[in-house]
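Mind having a look at this structure? Questions to follow.
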Amino acid sequence: VSDIRKTERTRLRRMYENGSYNRDEIYDIIDRAFICHIGYVFDDYPYVVPTNHWRDGDMLYWHGSSAGKKMKALRDGAKACVTFTHVDGFVMGRSSGSHSVNYRSVMMFGQAQIIDDADQKLVALRGFVETLIPGRWDDVNPLTDKDLKSTMVLGMRIDEASAKTRTGGAIDEPEDMDAGCWAGVLPIRTVIGEPIDDPELRDGITRPDYLDKFSIG
Ligand SMILES: Cc1cc2nc3c(=O)[nH]c(=O)nc-3n(C[C@H](O)[C@H](O)[C@H](O)COP(=O)(O)OP(=O)(O)OC[C@H]3O[C@@H](n4cnc5c(N)ncnc54)[C@H](O)[C@@H]3O)c2cc1C
């Protein structure tokens, strides 16, 4: 089990007992999130951008338009803070103050680097598609040179990060325990829906087997 080194920046001060620097835990939270939020300062003002991401080993990747000023700022070394969040439940205590949420989250810090080499970029973008929908890359038309030119891929090494997790029920004060209200946890889950066929789907095309891996709720 390898821990990510704890830095002054990633040392949890509030509810530190809910923190972890365990690489496997951190990667699990990152991999199960469909989006991250990338925060950085551009022109003296903070921006927080929701973005799809993917991971390969100890590298986090995301992509964006090559023409984007902000992608360029990150490419040029803007310091970034990236967060990943899962809300797992509403925790409902017997007083308004004992309400909370169950969650898993990661914060990571670093500077991105551009993935410029054409082959590496293609491998990275394949990783993106295959992370979201395994089996999709080989099923669809390949990327064109134009697609590749207009897309910038950035990668950030995951070596300064922390996870924070809350689980369990409400923590009520003893004097609230005789309240007449319901208390408990309302679990929250992300559900994949039934696939919707494109209206212009060519005759004879059926849904691919790789969609079966998604559990439809
Ligand atoms: C869905 C959700 C809802 C939340 N709602 C609230 C709320 O309503 N009010 C509230 O006060 N807090 C809430 N939190 C917790 C919040 O994210 C912070 O942990 C908390 O506010 C303490 O912030 P701080 O900067 O004082 O933490 P500090 O402990 O000073 O932060 C120091 C370092 O600890 C790490 N860290 C801190 N928070 C997190 C985190 N969430 N995930 C991973 N690493 C972390 C980072 O590396 C950070 O740099 C919520 C968290 C989540 C995920």
Side-chain angles (χ1 to χ4, degrees), residues 1-42 44-62 70 73-74 77-113 131-132 154-173 175-176 179 181-193 217:
V1 171
S2 70
D3 272 6
I4 289 182
R5 77 198 160 95
K6 196 193 295 184
T7 65
E8 199 39 43
R9 220 185 335 257
T10 56
R11 187 170 62 78
L12 274 98
R13 290 157 182 90
R14 295 198 49 212
M15 307 294 288
Y16 61 87
E17 63 281 9
N18 290 346
S20 165
Y21 301 89
N22 179 273
R23 226 174 244 283
D24 293 340
E25 275 179 58
I26 288 173
Y27 287 178
D28 189 60
I29 292 170
I30 292 176
D31 293 350
R32 287 174 191 274
F34 292 135
I35 62 155
C36 64
H37 287 86
I38 303 170
Y40 56 95
V41 174
F42 176 71
D44 211 25
Y45 207 88
Y47 288 77
V48 179
V49 185
T51 305
N52 284 120
H53 64 275
W54 67 102
R55 185 182 66 82
D56 186 4
D58 296 336
M59 291 293 288
L60 179 82
Y61 294 101
W62 66 92
K70 298 197 208 99
L74 285 161
K79 293 186 175 98
C81 172
V82 187
T83 63
F84 309 80
T85 314
H86 303 268
V87 182
D88 294 326
F90 291 147
V91 180
M92 300 161 69
R94 291 171 179 79
S95 75
S96 57
S98 63
H99 283 66
S100 189
V101 285
N102 282 337
Y103 62 79
R104 289 158 291 145
S105 62
V106 162
M107 278 174 84
M108 66 175 267
F109 301 90
Q111 282 168 288
Q113 63 198 61
T131 297
L132 280 178
L154 295 176
M156 192 191 274
R157 186 160 290 285
I158 308 170
D159 63 4
E160 192 179 3
S162 57
K164 194 171 175 183
T165 303
R166 190 201 187 281
T167 55
I171 301 168
D172 278 309
E173 297 296 335
E175 60 270 24
D176 288 325
C181 62
W182 183 86
V185 175
L186 205 54
I188 297 174
R189 275 191 297 275
T190 302
V191 173
I192 303 275

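Index from 1, following the sequence. As the structure lists them, so they are numbered: ligands from 1, and atoms in each ligand from 1. Side-chain atoms are counted along with the backbone in the values below, which use heavy atoms only and exclude waters and symmetry mates.
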- Message: Closer than 4.0 angstrom, basic N to acidic O: yes or no for Arg13 and Glu8?
- Response: yes

- Query: For Glu175, what residues pass the side-chain contact (heavy atoms from CB on, under 4.5 Å) criterion, not counting sequence neighbours?
  - Reply: Glu173

- Query: Are the side chains of Asp58 and Asp159 in touch, meaning some heavy atoms are under 4.5 Å apart?
  - Reply: no

- Item | Qualifying residues under side-chain contact (heavy atoms from CB on, under 4.5 Å), relative to Pro50, sequence neighbours excluded | Ile35, His37

List ligand 1's nitrogen or oxygen atoms that come under 3.5 Å of a protein nitrogen or oxygen, with the partner atom and distance.
residue, atom, partner, partner atom, Å
ligand 1, 11 (O), Arg14, NH1, 3.2
ligand 1, 19 (O), Lys164, NZ, 2.7
ligand 1, 29 (O), Arg13, N, 2.6
ligand 1, 29 (O), Arg14, N, 3.0
ligand 1, 41 (N), Ser105, OG, 3.0
ligand 1, 42 (N), Ser105, OG, 2.7
ligand 1, 44 (N), Ser162, OG, 2.8
ligand 1, 47 (O), Ser162, OG, 2.8
ligand 1, 49 (O), Arg9, O, 2.5

- Residues in side chain to side chain donor-acceptor pair (under 3.5 Å) with Glu17, at least two apart? none

- Item | Backbone of Gly57 reached by a side-chain donor or acceptor of Arg55 within 3.5 Å | yes

